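This structure is a prediction, so every number in the text was calculated from the model and none was measured.
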Amino acid sequence: MTENVIIADNRRAQRDLRPNIPEFKWNAVPSVASLRRSLTGRDSKVSNVTRSTRVNYSQLNMGLKMQKTLATQELDLNNIFKNDSQELPLEFFDDFNFEELFEHAKLNLLRHSALAFLPEVYENLTSNIDLASFKSSESLKEPKNDWVEVQIVDYNEKSKLFRVIDEINFEEHQLPSIKINFWNEDSTKYVERVKRAIEFREKCKRMIKYEAELESHPLIENTSMPQKISLKMKLQIDKAENGQKIKLNEIVKDFEHHFKKCQAAIDTKLSEFSSKKASKKNLVQLNYDFKTLRHDFRWKSIYCQPEVFNAMFDVSNICSDISSLCLFNIEKGTEMKISDFDKVQKSKITEITNFLQTEWPENLAQVVYNHFKNIKIGWFNIRISNWEVYLISKLYRFMLLVQQKMQEALQALICSSIQQYINWLCEPCITSLDVSEDFEWDEDLIQSPFDSEFPIFHLVLQMNESLGAHFSSNVDTFSDILLSHFDTVLLNTHFIKIIDPMVLQCLLYEPGLCISSIGLMDERITEPRNYLKRCYEKAIIPLKAYASRYNEQLEFFLMKNETFVENFKSENHTMLEIKEEILMNIDKKQELEEKLPISIVIGPFFVLIEPLKRILIRKRNDLIQKLMKMLNDLIRDKTMKIVLQYREIFNRLFEPPSSVEFLFETQNMIETLPELIKSTEEEMRVVLYDYEILDFFHYVLTNEDCALKWEAIRWPNRILSQINVTQEQQILDIEKFQKEQVSETSSFDKTLESLTVQVQEYQFKDDATKVTQNAQNCKKLSENLLITQKLGRTLNERQLLFNLPELELENIDQLIVSFKPYETLWFTAANFYHNREVWLNEKIACLNVHDIFEALENSKNIFMELVDDFEEIPRIQAVCNSFLAEIRSFEPILELMQDFTHFCWSKKCFKSLNEKTGMKISLETELSTQNCIEEGILKKENREMVKVILKQAIEDHHKEEITKAEEAEKRRKEEEILEARRQRRLARTDI
């Protein structure tokens with residue numbers, strides 16, 4: 001079989017042999033600028049150069065990004081592509097799944113940027129830039145690369161080649177897909193694709209070599225396969241169906257042919273090996289006493305028995321494994337909170353410390369014990385119990401060597417762990433080592449001059465009233481936490497016990513013997529520790545400086561939008577000032593969106609700013625909305641005031657007149673309406689200018705506000721049209737009211753005559769038994785008189801409106817004055833009778849004698865005045881005198897009430913009164929004055945007895961008060977004597 005046939009067969013079998021490749025997702029096409037950012041990790045930014053030089057730098061940066069990815073994967077594509085064989089080029093072995101994707105996504109790929117391997121373009125790229133200055137930039141140390149950015153123009157499906165144009169010389173190139181890193185393909189995935197192609201090509205080379213090796217040996221026909229394999233094949237063929245037996249027979253024949261060729265190649269190789277082995281050269285004879293040398297070596301060396309060598313071999317392996325461990329948990333590329341960092345490191349330190357202090361010594365002791373346990377006698381007897389013999393034995397030297405290996409492994413572990421710990425933590429801090437204490441962050445809050453590729457700690461920028469702008473963790477404690485883990489690890493390594501007591505159990509050892517670790521003041525410890533401390537003392541300086549720039553937003557952050565809007569509204573700003581305030585807040589919101597980043601890397605710190613930025617923007621937007629709402633409310637209030645004014649005018653015009661006064665008031669108002677409407681329209685024009693401010697901010701009015709605005713605009717025309725309708729209706733209403741006025745005037749005269757008769761009838765009402773009835777009739781008549789008086793005045797005003805003569809109202813006024821004494825007489829009499837009934841039936845304990853006395857005196861004075869007023873009417877004067885007599889007859893009862901309500905009168909007095917007078921006044925029921933009157937209390941002798949008993953009760957009360965005062969004074973003097981005696985006892989010093 002020829003080599004070309006083998007290559008063709010391998011290419012046909014390529015689809016089945018290649019590994020599964022994840023499919024690419026062809027999303028929306030990004031711009032060239034976004035592609036450049038994804039490839040370089042940041043925007044191309046070089047100052048003080050021409051535009052062409054900036055493009056060259058961008059091209060070089062993109063290529064260097066690919067070079068860096070290739071370096072991390074330890075893959076030198078430059079040599080691979082340049083030294084690619086013509087017989088088996090690497091493009092033959094590229095994964096053709098991608099070509100299937102190209103068929104469906106060709107439109108997405110064409111006319112877009114990519115990275116291509118074009119070594120001939122590099123010289124043109126680097127000829128226009130200063131490589132020395134580029135090395136001092138933030139890029140890689142070696143700017144040399146063969147990768148440039150190209151534009152994909154077309155794809156040839158037959159040749160499987162892409163037609164591209166480089167963006168430097170603008171020359172056209174034909175390239176296979178293996179030399180192109182597409183825009184939607186990450187550089188890491190591209191390197192994986194190339195590595196798979198290389199692995200597949202190596203596999204094909206091995207297959208070609210294998211087939212060529214088999215073809216170079218003659219076929220041995222008499223070679224047969226093993227019987228066991230041939231029997232299995234025959235059984236499989238017998239079980240198969242008729243259609244499959246033919247295929248299986250062909251497969252068996254191919255397999256037998258291949259087996260014979262393999263057997264022939266093996267036989268040839270074996271014969272060559274046998275011939276080489278037979279041709280040995282003569283050995284040189286040396287004159288050494290090997291027995292003596294062997295004896296001396298066995299006497300001096302500890303490796304004189306296989307068990308010792310094997311034991312030391314296992315010990316060395318275990319110690320070697322220990323040296324490869326790490327005392328810290330190092331996770332490069334992952335940011336974490338300092339609290340999580342603290343937990344992870346403590347967990348790792350605890351785990352590794354427990355292993356070093358327990359499992360490691362036990363494992364070593366178990367290994368040594370297992371190798372030496374079967375040695376009964378000799379230098380390596382672990383059951384030895386004599387210290388003097390042990391100290392000169394090889395076992396002692398062996399245990400010292402084991403201890404030394406443990407110490408070396410431990411020190412190597414400490415040094416490597418500290419180096420990894422320092423490199424991991426201090427590498428991001430290198431850019432901040434030269435920062436001064438008074439460093440201040442500039443106005444650019446997005447770009448960081450202290451950027452690092454792998455930040456370690458995750459911080460969130462926060463803000464509150466007490467701390468201002470601060471971080472979610474106290475950055476001043478970072479150095480202490482990192483150094484505490486550093487010190488903890490070092491201290492824990494000083495407590496790893498030696499394995500001697502666990503192996504040599506027959507010897508007594510002092511407890512707590514440990515192997516030697518690195519000292520705390522060793523230079524290998526102090527220098528990294530001081531460097532770590534310095535790095536983080538410097539790293540927090542720009543971090544605090546960055547946070548201090550956000551204190552400009554502290555006042556706004558703490559401000560309450562509602563309070564600000566209320567205060568702003570109370571200052572009565574003009575609409576133009578409100579507009580300027582809203583514009584200022586919109587500018588500040590845009591400034592927040594543009595100048596504040598989502599996150600930033602400052603040395604080892606990844607600072608998340610998005611939550612604070614979102615809060616500030618949301619608060620600024622809320623303030624803008626509240627200010628616009630305030631503006632809308634002010635405009636709505638102005639509009640509503642105008643609309644209400646229009647509505648009031650329209651309702652007055654539309655409302656039917658309820659009276660003549662209303663009609664003439666409406667006429668007067670119509671005369672002033674043109675000027676009023678004109679001034680109101682001027683006010684509305686100003687409000688419309690205010691609405692234009694809302695339109696400027698694209699503020700959407702509600703349906704109610706919009707309807708209110710247009711209602712205010714339509715009202716003037718509507719009112720003017722209503723004026724004409726109202727004036728026409730008023731002509732008819734005036735005629736109607738004139739007719740009503742004539743009728744009401746006639747009715748008023750008749751009512752006045754009737755009231756005069758009713759008042760005169762009260763001269764003959766002298767029946768004192770009808771007090772309540774007369775009082776009610778007086779009340780009705782008084783109300784009718786007042787109503788008639790008011791009606792007369794109203795009619796008189798209407799007479800003037802209609803230009804008619806005035807009415808005579810003196811009669812009704814005189815009638816009201818003449819009726820006033822009668823009204824007072826019967827009202828006062830009715831009140832006295834009602835109050836007397838209440839006073840007599842009220843409980844004595846609830847009586848207020850002072851109020852009763854004042855009411856009685858007031859009624860008495862009124863009746864005395866009425867006696868004088870009715871001097872010319874004897875019948876009514878007699879009625880007044882009868883009421884006065886009733887009042888005077890109640891005065892003894894009032895005196896009795898005063899005695900019973902005296903504070904010295906008690907139930908005991910009532911009992912004494914019953915005993916002395918023979919009355920039966922019951923004390924169990926609620927006693928009233930009427931009860932006492934019914935028992936005969938008003939008799940002269942009983943009233944005198946009440947006075948006597950009350951006088952005696954007053955005297956007894958006075959004596960009781962004197963007795964209580966004397967007893968209180970006596971108690972006070974006794975207490976003073978006891979207090980003086982206690983003070984003398986306390987002052988004594990002889991007890």
Side-chain angles (χ1 to χ4, degrees), residues 335-339 341 428-429 431-452 455-481 535-568 571 580-627:
E335 305 95 13
M336 63 182 75
K337 298 178 181 177
I338 188 62
S339 57
F341 176 87
C429 304
T431 55
S432 60
L433 288 178
D434 298 330
V435 175
S436 60
E437 294 291 336
D438 57 350
F439 173 79
E440 293 184 0
W441 200 279
D442 58 13
E443 295 183 356
D444 188 0
L445 299 176
I446 297 178
Q447 296 294 334
S448 172
F450 308 98
D451 195 7
S452 60
I456 302 170
F457 300 106
H458 185 279
L459 295 174
V460 180
L461 187 61
Q462 298 174 344
M463 194 174 286
N464 59 28
E465 184 175 2
S466 58
L467 300 177
H470 65 286
F471 298 101
S472 55
S473 301
N474 187 2
V475 296
D476 293 325
T477 62
F478 274 61
S479 178
D480 297 336
I481 293 174
C535 283
Y536 276 85
E537 286 176 350
K538 290 289 186 178
I540 64 174
I541 293 175
L543 191 66
K544 290 182 177 179
Y546 185 80
S548 64
R549 290 306 303 262
Y550 285 83
N551 285 326
E552 300 172 358
Q553 304 292 335
L554 181 61
E555 182 179 359
F556 173 71
F557 181 84
L558 300 175
M559 182 187 73
K560 292 183 178 179
N561 289 348
E562 295 79 6
T563 305
F564 174 81
V565 173
E566 290 176 2
N567 295 336
F568 189 79
E571 294 172 0
E580 292 175 353
E581 181 70 21
I582 295 174
L583 286 173
M584 184 264 293
N585 281 279
I586 291 175
D587 293 340
K588 288 186 176 181
K589 175 190 172 185
Q590 293 176 351
E591 184 179 346
L592 290 174
E593 293 174 347
E594 295 172 359
K595 293 188 176 182
L596 298 189
I598 295 176
S599 62
I600 192 171
V601 176
I602 305 175
F605 305 104
F606 175 85
V607 183
L608 183 63
I609 308 169
E610 183 181 13
L612 179 61
K613 177 181 179 181
R614 191 164 55 246
I615 290 172
L616 293 173
I617 292 175
R618 189 187 305 122
K619 188 169 185 179
R620 187 67 70 177
N621 189 59
D622 179 66
L623 179 59
I624 293 170
Q625 294 299 321
K626 281 184 168 55
L627 287 173

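The distance from atom CD of Gln625 to atom CZ of Arg618, rounded to the nearest 0.5 Å, is 14.0 Å. In this structure, Ile586 CD1 and Glu581 CD are separated by 11.0 Å, a value rounded to the nearest 0.5 Å. Note that CD1 of Ile541 is 9.5 Å distant from CZ of Phe450, once rounded to the nearest 0.5 Å. Expressed to the nearest 0.5 Å, how far CD1 of Ile481 lies from CD1 of Ile338 amounts to 4.0 Å. Atom CD1 of Ile540 is separated from atom SG of Cys429 by 10.5 Å, given to the nearest 0.5 angstrom. To the nearest 0.5 Å, atoms CZ (Arg549) and CG (Asp442) are separated by 7.0 Å.
Listed by first then second residue, pairs satisfying side-chain hydrogen bond (donor to acceptor under 3.5 Å, both in side chains) with a partner in residues 587-598 read Lys589-Asn621, not counting sequence neighbours. Within the structure, the salt bridge (Lys or Arg N to Asp or Glu O under 4.0 Å) test picks out no pair touching residues 456-475 (sequence neighbours left out).
Taking the centre of each ring, Phe457 and Phe471 stay at or above the 6.0 Å mark. Annotation: Phe605 is in aromatic contact with Phe478 [ring centroid separation under 6.0 Å].
The side-chain heavy atoms of Gln553 and Leu612, taken from C-beta on, include no pair separated by under 4.5 Å. Between Ile602 and Pro542 there is a side-chain heavy-atom pair separated by less than 4.5 Å. For the pair Leu459 and Leu543, the minimum side-chain heavy-atom distance is below 4.5 Å. Residues Leu592 and Lys613 form no side-chain contact, since every pair of their non-hydrogen atoms from C-beta on lies 4.5 Å or further apart.
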Test side chain to side chain contact (heavy atoms under 4.5 Å, CB included) on Ile600 and Leu445; report intermediate values, then the result. CA-CA 8 Å; Ile600 192 171; Leu445 299 176; over 6 Å; no
Please step through side chain to side chain contact (heavy atoms under 4.5 Å, CB included) for the pair Ile615 and Met463, ending with a clear verdict. CA-CA 10 Å; Ile615 290 172; Met463 194 174 286; over 6 Å; no
Could you go through Val565 and Phe568, starting from their C-alpha distance and side-chain angles, then the distance that decides it, and tell me whether this counts as side chain to side chain contact (heavy atoms under 4.5 Å, CB included)? CA-CA 5 Å; Val565 173; Phe568 189 79; 5.5 Å; no
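For the salt bridge (Lys or Arg N to Asp or Glu O under 4.0 Å) test, residues two or more places apart in sequence or in another chain that qualify with Lys626 are Glu562, Asp622. Every side-chain contact (heavy atoms from CB on, under 4.5 Å) that Glu335 has, sequence neighbours left out, goes to Pro455, His458, Phe606. With sequence neighbours left out, Asp476 forms a salt bridge (Lys or Arg N to Asp or Glu O under 4.0 Å) with Lys544. Listed by chain and number, the residues in a salt bridge (Lys or Arg N to Asp or Glu O under 4.0 Å) with Glu610 are Arg614 (sequence neighbours excluded).
The two atoms that bring Ser452 and Pro604 nearest to each other are OG-N, 4.5 Å, heavy atoms only. Counting all heavy atoms, side chain and backbone alike, Ala539 lies closest to Ser432 at CA-OG, 3.6 Å. Closest heavy-atom contact between Leu616 and Phe556: O-CE2, 3.7 Å.
Surrounding CD1 of Ile598 are at most 12 heavy atoms belonging to other residues, nucleotides or ligands under 6.0 Å away.
Under the 3.5 Å distance criterion, the side-chain polar atoms of Asn551 are left unmatched by any main-chain donor or acceptor of Leu554. At least one donor-acceptor pair closer than 3.5 Å links the side chain of Asn561 to the backbone N or O of Lys619. Formation of a donor-acceptor pair under 3.5 Å by the Lys538 side chain with backbone atoms of Val435 is found in this model.
Ring planes of Phe439 and Trp441: perpendicular class, angle over 60° (limits at 30 and 60°).
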